[in-house]
Amino acid sequence: MEEQIKNKAYDPKSVEERWYEFWLENDCFKPPDSADGGSFSIVIPPPNVTGSLHMGHALNVTLQDILARWKRMSGKKVLWLPGTDHAGIATQNVVERQLASEGIDRHSMGRKAFIARVWEWKQRYGGHIIHQLKKMGASCDWSRERFTLDEGLSTAVRKVFVGLFEEGLIYRALRLINWCPRCFTALSDLEVEHEEAQGRLTFIRYPIVGDGSFVTVATTRPETMLGDTAVAVNPDDPRYANFIGKMVRLPLTNRLIPIVADREVDMQFGTGAVKVTPSHDFNDEAIARRQSPNLPFVTVIGEDGRMTAASGKRYAGLDRYECRKVLVSDLKDDQLLEKDIPHNHAIGHCYRCKTVIEPLPTTQWYVKVESLAGPAIEAVRSGKIKIVPEGWKNNYFSWMENIRDWCISRQIWWGHQIPAWYCPRCTGMDGKPQGANIFIALTKKLNGLKEGSYLDLRAAGATHESITSYIKYVKVDINVKPLSGIEDVTACPECGNLEILRDPDVLDTWFSSALWPFSTLGWPENTGDLKDFYPTSVLVTGFDILFFWVARMIMMGLKFMKDVPFGNVYIHALVRDEKGQKMSKSKGNVIDPLIMIEKYGTDAFRFSLAAFAAQGRDVRFSEDRVEGYRHFINKFWNASRFINLNISKYGSLIAPDTTMEQLGRDLVYAAGQNSRVTGQDSPVAGQNSIDSGQNALAATQDSLNLFDRWILSRLSYTSTEIERCFDEYRFNDAANAIYHFIWHEFCDWYIELSKTSLEKEDPYTLKCLLYVFDNAMKLLHPFMPFVTEELWQSYAHETKTIMLVPYPHPGLGDDDAEKRMQYIIDVISSIRSIRGELNVSPSKPLHAMIKTMSTDAETNLRANCSYIINLAHLESLRIGAKVEKPKGSATAVTAEMEVFVPLSGLFDVKAELERLSKELRKLNEVIDMVNKKLMNEDFRDKAPKNVLEKEKAKFEELVSKKDRILSNVNKLRELESDDTQSDDPDTQHLDPCNPKS
RNA sequence: AGGCGCGUAGCUCAGUGGUUAGAGCGCUACCUUGACACGGUAGAGGUCAGGGGUUCGAUGCCCCUCGUGCCUACCA
């Protein structure tokens, strides 16, 4: 406590690490063995092992931590399960880059050694982000941390793969896929980012065989013409009706290709004739498959993005873009280039490396999603899964309803290797021995061969063992039949062959992520965690992975757990910079969360994120606001200093060594004795409900002072509000509610008022201060775990951490106290306003008189006049129905009273007249408006009665107020013409607060 | 091209079919008052994008326009 009193400012650095260690040592993040309130679980969206904390993570983690801490304090058995995913492509890229700097490539070191190297990297650097999550204060149960390549999770992956495979929901297919020529792997549709770019539309003449005329086609990718196998026109296009069935000579090659008809050809676009390159365009592939017989596929671009041998001698080996230039110039030379005009279109890029993707025909593994999507759609439609904010539901549906099969194989090494094997000895679907259809490249020559079919290599004398140990890559033709099983397949079930080969591909990282909500809880084992925590309560994530991850988790959860993976999905915004731009390294507008923490402390940073997390809106992050919330923490810190100072001063009012818990019980006990507070419910005991409601306080009106009652009522209201906000994931509203309560109610008013009653040694005020502050710390804790723990520990408590203390529950309000308090606030504010606007020095004590218009107002003001005197800095105050306005006073008019402040001598009549007429102006505007409404017959007839009544009452009040101001104005006018501004004797001998005077 | 969202104070954003539309930051004036200058008090500042419509009543609901952002899409 002494420590705290010394420091006028909160210093987060000296605090945060200490308490995080403390929580860990005391196992505060682990779910208790039992809890009455049921369980609450969240699995973290696993960040990439390669990742380091960015704003998105920071927001994501903050929101989850708020929920976890809130639910924990609310008595739930909370599990927040952390972990990372292995991020196949990204991680492999990182390590390959590292290797490249050492002059090594992964193929030369071999698969085994490479994977060992990645693990090494992972152990060394992979924990980085976990460390950063801890800095954020994340209350994850670290003892349950998981990694998607863990043994347990790999078992789950294996089981799911085999299950789906055996059911025919996983299959291999040869078709066009998105290929990244830099990452050297297939990508799923989702992993391709489309970006609008300025390109060119090239019009090329294809000579028609026989008649010397041309058909002109338009293309954005001229280099693919080398792989054209047809030209397509719409069968209804009269321009080309006679062309269908004719042959054209493909320029720059000697190939003849047909002109075919296809309904999908858009007659409006380009020339209405389209070149068809089935190997390099999804659309063309579809045309090719619609033709009968199917059009042939000629692949002219290879996996490395260079032209293949099939493109002809002149172009083979050229980069695809280089080839484009050469080819266009060649066409020009041949007079076959009609025109080449600028053209905007969308181009797909690899989401990992931004390289332009190349559609290529390859054999890949797919998940047939249609049957999985149905139930997943239904789960959301039926409300079994609630998506918040609701707007995202539509996105979810529209994607799910048009979902396409999911390509899950990746041609990389880091990941779950596909559990599929091939027997080279068995006969394949094309009638050949399968070994002839398995192509293998080796890292070194074996018996004179560096590559060839498995059969070729064996025929040359290489053993199965030597082949498998020197594999560089393997390509398994679509005609080869895969074998799969929970256990590794070591012998061909058909022919008993022991010399079989494993599929080299690994699974898409999202395949394992899709199982995350149950694989992390121990599935396929039947664990206690699964029973306790599945389905999880809520998934907190960004919308950017709604399809990648959320949708797939729902499908997999329903399929393998027969239940949804989570009840709620809270989708939060993207964090942008203050200009609304997406943060990205290339733009250089990235704000590093760790720098924010360093500068302002974790609590201020977390609170900022929560306060800006309005639903359905992006977060525009600006550092100024973080600073603002650091000020808020400081305010809170100093409120605590104030309380501690007063404990030192007035501690004798409470028993020595009283804990906060005891204090609460005492408050109730005393209440029972002298009827300060009635009721069975203690404000702090029991469920910790804040019972300041009518029941509890009915008998206290004469004993607890107005302000104690008022602040208890505000606390109660705030708790109610916060609980409602949390329930609806309105984090920003919750943050604002607590901010407003602490700063503008507790500090601005209650602390100021308490100074007066503490001077009178009112023990209840001290107790209320402590009690309300104690609850404020609890309310704030989920947002600001560190400072609240630090402060909480400086008070005597019976429990060891604020983390596990019951969260304040909503209670009843005290309307009577709120209404009375409003009078006091109005009076004090109006006097302050007079002071401020008439430029009266704050240090000058004033006299004031209040003419009351009801006995209720009068009693209320009299009971609290010492507070008014202190807060408005008065020398004297007279209250009564008969108070007359002294000459030369400034006035303020409120609903039930008039306030006069005699200001002879330091009084600028003009300024006061100005002030009053400004108020009159405003008032007149409103009166006009209300009057218009009331004069409207339709309004009187059709508006609901209560609204009508309200308007009438409002009108009366406004008019009365106006009259009173007017009369004050008139008196001032008289004064203005009166030169003798002598001191008013009335103000001289005022007896402060004496009702009789 | 389709879908979704946004446009409210100088800035960032809340908000609601019916009180004089709010907050934070910023701004202005005054104040070093014993919790806090990372503070206090008092102020200034808004045709709620524009135009129609529904309604007794619209910033809120509907339509259109303009501006802006995002997602989805095989127009070569």
Side-chain angles (χ1 to χ4, degrees), chain A residues 5 8-10 194 201-202 217-221 224 232 264-266 268-277 281-287 343 345-346 359 391-392 394-395 398-399 402 543-544 546-547 574 576 578 580-582 604 611-612 614 616-622 624-625 627-646 730 732-733 736 739-740 744 747-748 751-752 755 829 832-843 873 922-923 925-927 929-930 933 936-944 946-948 950-951 953-954 957-958:
Chain A
I5 292 175
K8 279 191 173 187
Y10 170 61
H194 293 274
L201 192 59
T202 308
V217 297
T219 178
T220 52
R221 301 199 56 197
T224 62
E264 294 299 306
V265 176
D266 181 352
Q268 313 305 318
F269 189 91
T271 60
V274 59
K275 61 190 264 324
V276 182
T277 323
D281 185 287
F282 291 102
N283 216 11
D284 295 359
E285 180 197 26
I287 294 176
H343 178 69
H345 63 138
W392 292 107
N394 288 337
N395 277 40
S398 71
W399 188 71
N402 300 302
F543 64 81
D544 48 331
L546 182 63
F547 307 141
L574 229 60
R576 299 171 183 278
E578 62 270 275
Q581 305 225 297
K582 207 165 163 172
F612 306 147
R617 207 181 254 274
D618 288 336
V619 171
R620 290 199 191 192
F621 193 86
S622 108
D624 288 350
R625 299 197 255 172
E627 194 178 351
Y629 288 119
R630 189 187 65 186
H631 296 172
F632 170 59
I633 294 176
N634 208 52
K635 186 78 179 174
F636 192 61
W637 175 265
N638 278 288
S640 180
R641 279 184 72 225
F642 172 81
I643 293 169
N644 279 328
L645 283 166
N646 282 289
R730 283 158 42 223
N732 59 322
D733 291 333
N736 286 330
Y739 181 97
H740 186 261
H744 298 300
C747 291
D748 284 356
I751 284 188
E752 291 308 317
K755 289 173 185 171
S829 301
R832 283 171 173 173
S833 179
I834 286 169
R835 202 190 269 283
E837 291 198 61
L838 298 182
N839 273 322
V840 177
S841 159
S843 57
H873 196 204
K922 275 191 203 163
L923 212 48
E925 275 172 34
V926 186
I927 289 175
M929 229 166 64
V930 179
K933 245 191 226 181
N936 185 336
E937 225 172 279
D938 285 329
F939 177 73
R940 290 202 308 267
D941 288 351
K942 293 180 186 167
N946 62 324
V947 174
L948 186 62
K950 225 157 107 192
E951 290 297 313
K954 195 205 296 173
E957 191 192 315
L958 288 168

**Q** If you check the A:Lys755 side chain, which of B:rA35, B:rC56, B:rU20 turns out closest?
**A**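 Nearest listed nucleotide: B:rA35.
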**Q** May I ask which nucleotide in the shown strands pairs with B:rA14, Watson-Crick or G-U wobble, both distances under 3.5 Å?
**A**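 Across any shown strand, B:rA14 pairs with none.
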**Q** Going by heavy atoms in the side chains, are A:Phe939 and A:Val947 under 4.5 Å from each other?
**A**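 A:Phe939 vs A:Val947: side chains touch.
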**Q** Is there a side-chain contact between A:Ser833 and the phosphate of B:rU41, meaning an N or O under 4.0 Å from OP1 or OP2?
**A**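 Indeed not, no polar side-chain atom of A:Ser833 lies that close.
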**Q** Can you confirm whether A:Leu201 sits close enough to A:His345 that some side-chain heavy atom of one is under 4.5 Å from a side-chain heavy atom of the other?
**A**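 Of all side-chain heavy-atom pairs linking A:His345 with A:Leu201, none is under 4.5 Å.
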**Q** If you look at every strand shown and take non-hydrogen atoms under 4.0 Å, does A:Phe269 touch a base, only sugar-phosphate, or nothing?
**A**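 Contact class for A:Phe269: base.
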**Q** If we call it a pair only when both distances are under 3.5 Å in a Watson-Crick or G-U wobble match, what pairs with B:rU19?
**A**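 None - no nucleotide pairs with B:rU19, as no candidate has both distances under 3.5 Å.
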**Q** Under 4.0 Å: is that the gap between some side-chain N or O of A:His631 and OP1 or OP2 of B:rG24?
**A**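 So the side-chain polar atoms of A:His631 never come under 4.0 Å of the phosphate oxygens OP1 or OP2 of B:rG24.
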**Q** Between B:rC4 and B:rA73, how far apart are the two C1' atoms, rounded to whole Å?
**A**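 These two C1' atoms come out 15 Å apart once rounded.
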**Q** How far, in whole Å, is B:rG57 from B:rG69 if one measures between their C1' atoms?
**A**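 Per the computed distance, 34 Å lies between those C1' atoms.
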**Q** Between B:rC56, B:rU20, B:rC74, which nucleotide gets closest to the side-chain atoms of A:Leu958?
**A**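 Nucleotide nearest to A:Leu958's side chain: B:rU20.
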**Q** Distance between the P atoms of B:rG39 and B:rC70, in whole angstroms?
**A**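 Between the two P atoms, the distance is 36 Å.
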**Q** Starting at atom CD of A:Glu752, determine the distance to atom P of B:rG40, rounded to an integer number of angstrom.
**A**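 To the nearest whole Å, that distance equals 9 Å.
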**Q** Would you kindly give the NE2-to-C1' distance between A:His194 and B:rC75, to the nearest whole Å?
**A**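 Between C1' of B:rC75 and NE2 of A:His194: 14 Å.
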**Q** Name the nucleic acid region contacted by A:Arg832, choosing base, sugar-phosphate or nothing; use a 4.0 angstrom heavy-atom cut-off, strictly under.
**A**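 The answer is sugar-phosphate, as A:Arg832 gets under 4.0 Å only of primed atoms, P, OP1 or OP2.
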**Q** Regarding A:Lys954 and A:Glu951, does a basic nitrogen lie under 4.0 Å from an acidic carboxylate oxygen?
**A**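 Between A:Glu951 and A:Lys954 there is a salt bridge, with a charged N closer than 4.0 Å to a carboxylate O.
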**Q** If you measure from the P atom in B:rU8 to the same atom in B:rA14, how many Å do you get, rounded?
**A**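 Approximately 10 Å lies between the P atom of B:rU8 and that of B:rA14.
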**Q** Between B:rC56, B:rC25, B:rA76, which one does the side chain of A:Asn936 approach most closely?
**A**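 When the side chain of A:Asn936 is considered, B:rC56 is the closest of B:rC56, B:rC25, B:rA76.
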**Q** Test for a donor-acceptor pair under 3.5 Å between the base of B:rC36 and the side chain of A:Lys635, counting only N and O atoms.
**A**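 Side chain to base: pair found, below 3.5 Å.
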**Q** Expressed as a whole number of angstroms, how long is the span from A:Asp284:CG to B:rC75:C1'?
**A**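 So the two atoms are 11 Å apart, to the nearest Å.
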**Q** Distance check needed: B:rG2 C1' versus A:Asn394 CG, whole Å only.
**A**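 My rounded result for the distance is 14 Å.
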**Q** Among the candidates B:rU20, B:rU12, B:rC38, find the nucleotide nearest to the side-chain atoms of A:Lys954.
**A**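 Taking heavy atoms from C-beta onward, the closest nucleotide is B:rU20.
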**Q** For B:rG5, what is the paired nucleotide under Watson-Crick or G-U wobble rules, both distances under 3.5 Å?
**A**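 Base partner found: B:rU68.
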**Q** Sticking with atom P, work out how far B:rC27 lies from B:rC38, rounded to a whole angstrom.
**A**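 Going atom to atom, P in each nucleotide, I get 14 Å.
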**Q** Could you check A:Arg835 against A:Val930 and say which one's nearest nucleotide on RNA chain B is further toward the 5' end?
**A**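 With A:Arg835 and A:Val930 compared, the 5'-side residue is A:Val930.
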**Q** Do any N or O atoms from the side chain of A:Arg835 and from the backbone of A:His873 form a donor-acceptor pair under 3.5 angstrom?
**A**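 Judged by distance alone, yes, a pair lies under 3.5 Å.
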**Q** Can you tell me which nucleotide in B:rA42, B:rC36, B:rA14 comes closest to the side chain of A:Asp733?
**A**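 That would be B:rA14.
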**Q** Nearest whole Å is fine: how far is B:rU55 P from A:Arg940 CZ?
**A**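 Result: 20 Å.
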**Q** Roughly how far apart, to the nearest Å, are B:rG17 and B:rU55 at atom C1'?
**A**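 Here B:rG17 and B:rU55 have their C1' atoms 9 Å from each other.
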**Q** Nearest to the side chain of A:Val926, heavy atoms from C-beta on, is which of B:rC56, B:rA76, B:rU20?
**A**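 My answer, after comparing the listed nucleotides, is B:rU20.
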**Q** Applying the Watson-Crick and G-U wobble criteria at under 3.5 Å, what pairs with B:rG46? Answer none if nothing qualifies.
**A**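 Per the H-bond distance test, none.
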**Q** Between A:Asn395 (CG) and B:rU72 (C1'), how many Å, whole number?
**A**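 My rounded result for the distance is 8 Å.
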**Q** Does B:rA37 have a Watson-Crick or wobble partner in any strand here, with both distances under 3.5 angstrom, and which is it?
**A**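 With both distances under 3.5 Å required, B:rA37 matches none.
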**Q** From the set B:rC56, B:rA76, B:rC36, return the single nucleotide nearest to any side-chain atom of A:Asp266.
**A**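 Shortest atom-to-atom distance from the side chain points to B:rA76.
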**Q** Tell me if a side-chain donor or acceptor on A:Asn634 pairs with a main-chain N or O of A:Tyr10 at a distance below 3.5 Å.
**A**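 Confirmed, A:Asn634 side chain pairs with A:Tyr10 backbone.
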**Q** Considering only the C1' atoms, how many Å lie between B:rA58 and B:rA29, rounded to the nearest integer?
**A**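 So the two C1' atoms sit 38 Å from each other.
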**Q** At 4.0 Å (heavy atoms only), tell me whether A:Ile751 reaches a base, stays on the sugar-phosphate, or touches nothing.
**A**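 Base contact - A:Ile751 has a heavy atom under 4.0 Å of at least one base atom.
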**Q** Write down the partner of B:rC61 under the Watson-Crick or G-U wobble criteria, each distance required to be under 3.5 Å.
**A**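 Looking at the geometry, B:rC61 pairs with B:rG53.
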**Q** Of the listed nucleotides (B:rC56, B:rC36, B:rC25), which one gets closest to any side-chain atom of A:Tyr739?
**A**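 When the side chain of A:Tyr739 is considered, B:rC25 is the closest of B:rC56, B:rC36, B:rC25.
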**Q** What are the two closest non-hydrogen atoms of A:Lys275 and A:Thr219, and how far apart are they?
**A**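 Taking A:Lys275 first and A:Thr219 second, the nearest heavy atoms are CD-CB, 3.6 Å.
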**Q** Between B:rU20, B:rA42, B:rC36, which nucleotide has the shortest distance from any of its atoms to the side chain of A:Asn638?
**A**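 Of B:rU20, B:rA42, B:rC36, B:rC36 is nearest to the side chain of A:Asn638.
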**Q** Atom CH2 of A:Trp392 to atom P of B:rG3: distance rounded to whole Å?
**A**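 Going from CH2 in A:Trp392 over to P in B:rG3 covers 17 Å.
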**Q** Using atom CZ of A:Phe642 as one end and atom C1' of B:rG34 as the other, report the distance to the nearest whole Å.
**A**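 Distance, rounded to whole Å: 10 Å.
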**Q** Do A:His343 and A:Thr220 come within less than 4.5 Å of each other through their side chains, counting heavy atoms only?
**A**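 Heavy-atom side-chain distance check passes, below 4.5 Å.
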**Q** Which nucleotide sits closest to the side chain of A:His744: B:rA76, B:rA73, B:rG24?
**A**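 So the side chain of A:His744 is nearest to B:rG24.
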**Q** For A:Asn402 and A:Ser398, indicate whether the former's side chain and the latter's backbone hold a donor-acceptor pair under 3.5 Å.
**A**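 Here the side-chain-to-backbone pair exists.
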**Q** Pick base, sugar-phosphate or nothing for A:His345, based on heavy-atom distances below 4.0 Å to the nucleic acid.
**A**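 Here A:His345 touches the backbone only, sparing every base.
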**Q** Parallel, tilted or perpendicular for A:Tyr629 and A:Phe632, by the 30°/60° rule?
**A**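 Ring orientation of A:Tyr629 relative to A:Phe632: perpendicular.
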**Q** Given the C1' atoms of B:rU47 and B:rA9, what is the spacing between them in whole Å?
**A**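 That atom pair is separated by 14 Å.
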**Q** Which is true for A:Lys950 with a 4.0 Å heavy-atom rule: it touches a base, it touches only sugar-phosphate, or it touches nothing?
**A**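 Result for A:Lys950 = nothing.
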